[in-house]
Amino acid sequence: MFLFRFEGKLDCKNTVKQMRVKQHDRSCGFQLIKFVPQLFRWIHLQFLRFRRSGERSLPLIVGGVISVLILLLWQNLRVYQHDQIKSSIAHEAAIIEAEISDRLNTRILALERMVKRWEVSGGTPQQEWEADAAIYLEDFSGWQAIEWIDATAYVRWVAPLEGNEAILNLDLSQFPARRSALETARLLRQTALTNTLELKQGGTGFLVFVPIYVGERFDGYIGGVFQIQSLLNYILPAQFTQNYQIILLEEKKLIYRHGSAFPVVTDWTQQEKIKLRGINWQLQVAPSPSLIKEKRSPLPTIVLGGGLFIAWTLALNLHLAQSDKRRTRQIEAINQELDLRILEQQRIEADLRQMSAALENAIAGMSKIDPQGCYVTVNLTYAAITGYQPEEMIGMNWERTVYPDDVKQMVVAYHQMLKDGRVEAEARGIKKDGTLFYKQLVMISAYDERQQFVGHHCFIKDITDRKLAEASLLRSESTLRSFFNGGAMMMGIVELCDDDVRHLSDNLASAQFFGTTPEALRNQFATDLGVSRSHLNRWLQHYWKAVETQAPVRFEYSHETPTGCKWLAASVCPINHNPGEQPRLSYIVEDITERKRIECDRDQLLEQETQQREELTRKNFALEQSRREAEFANRAKSEFLAMMSHEIRTPMNAVIGMTGLLLDTQLDVKQRDFIETIRTSGDALLSIINDILDFSKIESGKLDLETQPFNLRHCVEGAIDLLATKAAEKGIELGYLITPYTPNVILGDVTRLRQVLVNLMSNAIKFTEAGEVLVSVTATALHDSPSDCKEPVYEIQFAIQDTGIGIPGDRSIACLKPLARLTLLLPATMEEPDWG
């Protein structure tokens with residue numbers, strides 16, 4: 001990527017140079033136009049000479065000479081027009097390349113920001129991840145999918161799921177291209193991209209993988225799937241796709257095409273390279289025929305036709321004049337002096353007309369300003385640059401067209417012109433609508449025939465585009481330099497000199513390796529830096545191989561350092577140079593010691609894994625036998641539970657029936673309360689026994705909870721009534737607190753809720769010697785309730801608070817485990833807590 005940006009900067013400089021050459025070509029065209037009056041003067045002198053000598057071939061000579069000059073002018077205009085169109089197309093191609101690179105980089109950075117949030121929070125829940133991915137899919141168009149891939153290379157989460165069902169739970173390690181990119185991202189801990197491939201969703205595209213490391217724990221990848229056709233249709237602006245045929249190639253393979261047909265590479269076709277994070281694409285941009293036709297001007301044809309017409313009209317007039325010469329010789333002798341004066345006057349008038357037309361239609365702005373600073377004459381180009389009409393500027397002061405902060409600078413340039421007669425300067429101007437622009441100007445002093453100062457001529461050119469391009473170029477160069485010096489790898493450019501190497505430009509990492517600075521390392525030879533001859537010969541061998549093959553050469557080697565032996569991976573690439581110059585190459589050196597160590601450890605782990613698999617096979621055989629024995633014991637336990645539940649349920653039905661009969665008799669309030677408590681406890685116990693009887697359903701995890709409306713306050717009071725006697729024996733107060741806005745009637749399993757409350761309150765009473773046990777109920781309305789639910793949804797929290805001994809904070813999690821018991825320093829009268 002760095003080399004690509006650097007080459008792009010050089011291309012911009014070459015473009016500016018070409019523009020200057022074209023400006024020189026335009027100046028040559030103006031010189032040719034200024035030469036026309038001198039040509040007519042020469043033709044007039046030749047006419048007088050040939051008239052005296054009686055030469056009759058003068059019309060042919062005059063017509064031929066003028067025709068040749070017109071043809072030269074026509075060719076010059078055609079070349080200039082061709083270069084202007086080609087420069088415009090090259091500029092548009094560079095904009096398309098920058099647009100594709102910037103938009104792709106923006107989407108890859110979005111994935112890296114998602115990984116940063118994952119790493120900072122230690123992990124992201126699926127719902128939060130899907131919401132985050134949905135935001136990116138909405139903000140950045142062109143995605144095919146965003147996915148989370150676990151550490152085993154399986155695609156676990158996909159957004160959006162619609163249209164991407166084929167890749168959910170897909171094993172990416174089964175595909176070589178994807179597996180290679182995944183391994184590269186994991187080993188290097190940086191973003192990796194695949195080459196162009198066929199997507200599972202259909203179409204051609206590529207994948208981006210960003211590894212996730214929470215500390216030193218590898219947590220999978222965030223992947224992005226891009227379909228090239230749809231991605232570039234979103235990225236490319238409409239003004240480019242309407243006027244240009246665009247093609248993307250990857251290693252001469254067509255991966256994207258916009259246009260009705262495959263364009264043939266012509267003189268108009270511009271080619272760019274897109275290199276971004278491992279992407280190597282070739283971009284071909286060809287203008288449509290309608291765009292070429294629109295950009296072409298009819299001026300060259302008009303100049304050619306009009307010039308030839310004038311040339312041969314003049315030749316015909318000369319021929320007719322020669323024919324009349326013999327008949328009018330005596331009249332010519334009388335009127336010769338008068339004819340010379342008429343011809344001179346006509347020449348002056350023609351010169352004035354041509355000069356006036358040239359000034360009015362010149363590409364550069366031209367004006368004349370009097371000594372008081374007011375415009376006297378202004379051509380159309382000058383007025384168009386400043387946004388005025390020519391008649392509006394006559395009598396206007398020049399300060400109105402100059403940015404106020406630059407007026408002082410222009411006054412200094414004006415005094416310099418008075419001293420030297422000519423001055424060049426650059427300044428900011430203001431158009432009629434207040435728009436700011438940059439202009440390049442030349443001021444030349446003007447004097448009359450008595451050498452009296454009568455003002456000055458001012459020639460301007462709008463250079464706003466050039467100024468903006470220069471500012472952008474400086475920013476790009478600064479950015480590339482910061483990347484170059486901020487990289488962890490050693491990078492630089494060297495020049496081969498016989499059996500030695502000279503460092504031309506090196507980044508900070510390379511300079512630190514040699515114990516110096518990049519400025520001090522510039523133009524230093526390797527032998528002067530203390531590099532051993534054997535080490536230098538190894539590098540020279542690879543350098544010359546790269547020069548011979550004109551292709552990058554990569555190699556690895558071990559290097560002894562004061563801190564130990566390190567493994568380094570190097571890559572050298574040749575740089576194009578002119579014949580006769582010393583070869584130049586770029587180099588990149590990366591420390592791969594850690595990777596080598598990982599490879600060694602991996603081999604050892606593979607050997608250990610083989611041994612462990614053999615041991616695991618033996619243990620699996622023994623485990624299978626144990627499993628069969630456990631299944632037999634489990635069946636016996638289930639049969640025992642079913643039998644015991646059946647035996648207990650029979651007397652419980654009798655107890656419940658008798659309490660029902662008692663409730664139908666005459667009882668006082670206290671007796672009825674006791675009987676109802678017995679009846680409620682019996683119903684709860686019978687419900688538990690029924691669940692035990694269906695133990696097979698419990699073991700398979702298919703226990704269904706009832707969803708019936710019940711009164712929440714009655715449920716809590718019923719649980720308290722069951723334990724009121726036990727609390728009264730210990731002198732403990734039982735109470736409950738239900739916060740306002742808590743719904744009275746809810747949907748749920750009242751039996752299970754009452755059972756949980758009774759268990760928790762029973763434990764609280766067991767370990768409370770004095771004080772109280774308080775049940776708190778709070779409800780919170782949920783805003784993200786299901787769309788099909790018409791009633792509001794609440795989250796209800798039950799809390800049991802007591803004044804007992806409590807549970808140590810470091811062991812409170814143990815109560816959440818099945819059949820957990822806590823060993824505490826309890827009084828002799830207390831049992832250990834059983835959380836069931």
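The residues of the chain are indexed from 1 along the displayed sequence. Keep in mind that the numbers below use all heavy atoms, side chains included, and drop hydrogens, waters and symmetry copies.
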**Request:** Run the numbers on L585 and I493 for side chain to side chain contact (heavy atoms under 4.5 Å, CB included), then give the verdict.
**Result:** CA-CA 6 Å; L585 303 98; I493 299 175; over 6 Å; no
Taking distance alone, no hydrogens or angles, what donor-acceptor pairs closer than 3.5 Å link side-chain atoms of residues 413-421 to residues at least two apart or in another chain?
from : atom 1 : to   : atom 2 : distance (Å)
Q416 : NE2    : D420 : OD2    : 2.3

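- When every heavy atom of A383 is checked against every heavy atom of Q389, the shortest pair comes out as CB-C, 4.0 Å.
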**Item:** Verdict with reasoning, L496 to V501, per side chain to side chain contact (heavy atoms under 4.5 Å, CB included)
**Value:** CA-CA 5 Å; L496 301 184; V501 176; 4.0 Å; yes
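- Looking at W398 and V407, their side chains come closer than 4.5 Å, going by heavy atoms from C-beta outward.
- For the residue pair F459 and I444, the shortest heavy atom distance occurs at CE1-CD1, 3.9 Å.
- Of the possible polar contacts, none joining the N76 side chain to the L72 backbone as a donor-acceptor pair under 3.5 Å is found.
- Atom CD of Q75 sits about 10.5 Å away from atom CG of L304, to the nearest 0.5 Å.
- With sequence neighbours excluded, no residue satisfies side-chain hydrogen bond (donor to acceptor under 3.5 Å, both in side chains) with S445.
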**Request:** Let me see the working for Y587 and D506 under side chain to side chain contact (heavy atoms under 4.5 Å, CB included), right down to the final yes or no.
**Result:** CA-CA 9 Å; Y587 71 87; D506 301 85; 2.5 Å; yes
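- Note that NE2 of H503 is 12.0 Å distant from CD of E495, once rounded to the nearest 0.5 Å.
- Counting heavy atoms from C-beta outward, I385 and K461 have side chains that stay 4.5 Å or more apart.
- Among residues two or more places apart in sequence or in another chain, the side-chain hydrogen bond (donor to acceptor under 3.5 Å, both in side chains) test is passed with R400 by none.
- Within the 4.5 Å cutoff, the side chain of Y403 has no heavy atoms near those of the Q409 side chain.
- The shortest distance between side-chain heavy atoms of P518 and L508 falls below 4.5 Å.
- The CZ atom of R522 sits 9.0 Å away from atom OG1 of T517, with the distance rounded to the nearest 0.5 Å.
- In this structure, the side chain of S472 does not engage the main chain of L468 through any donor-acceptor pair within 3.5 Å.
- Between D462 and K439 the shortest side-chain heavy-atom distance does not fall below 4.5 Å.
- Using a 4.5 Å heavy-atom threshold, the side chains of S367 and I460 count as separate.
- For the atom pair CD1 of I394 and OH of Y388, the computed distance is 13.0 Å after rounding to the nearest 0.5 Å.
- Within the model, atoms CG of N105 and CD1 of I100 stand 13.5 Å from one another, a figure rounded to the nearest 0.5 Å.
- Between G64 and W312, the closest heavy-atom pair is N-CH2, 3.9 Å.
- In this view, Y447 and F453 satisfy the ring pair (Phe, Tyr, Trp, His ring centres under 6.0 Å) rule, not counting sequence neighbours.
- Listed by first and then second residue, the side chain to side chain donor-acceptor pair (under 3.5 Å) pairs involving residues 423-434 are E392-K432, D406-R428, R422-E424, E426-R466, E426-K467, D433-T435 (not counting sequence neighbours).
- Between I96 and E272 there is no side-chain heavy-atom pair separated by less than 4.5 Å.
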Listing, residues 369-378 side-chain donor-acceptor contacts under 3.5 Å, not counting sequence neighbours, or none:
from : atom 1 : to   : atom 2 : distance (Å)
D370 : OD1    : Q372 : N      : 3.1
D370 : OD1    : G373 : N      : 3.0
D370 : OD1    : C374 : N      : 2.8
Y375 : OH     : Y382 : OH     : 2.9
Y375 : OH     : T401 : OG1    : 3.1

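- The line from CG of L521 to OG1 of T516 is 6.0 Å long, rounded to the nearest 0.5 Å.
- I310 places none of its side-chain heavy atoms less than 4.5 Å from the side chain of I66.
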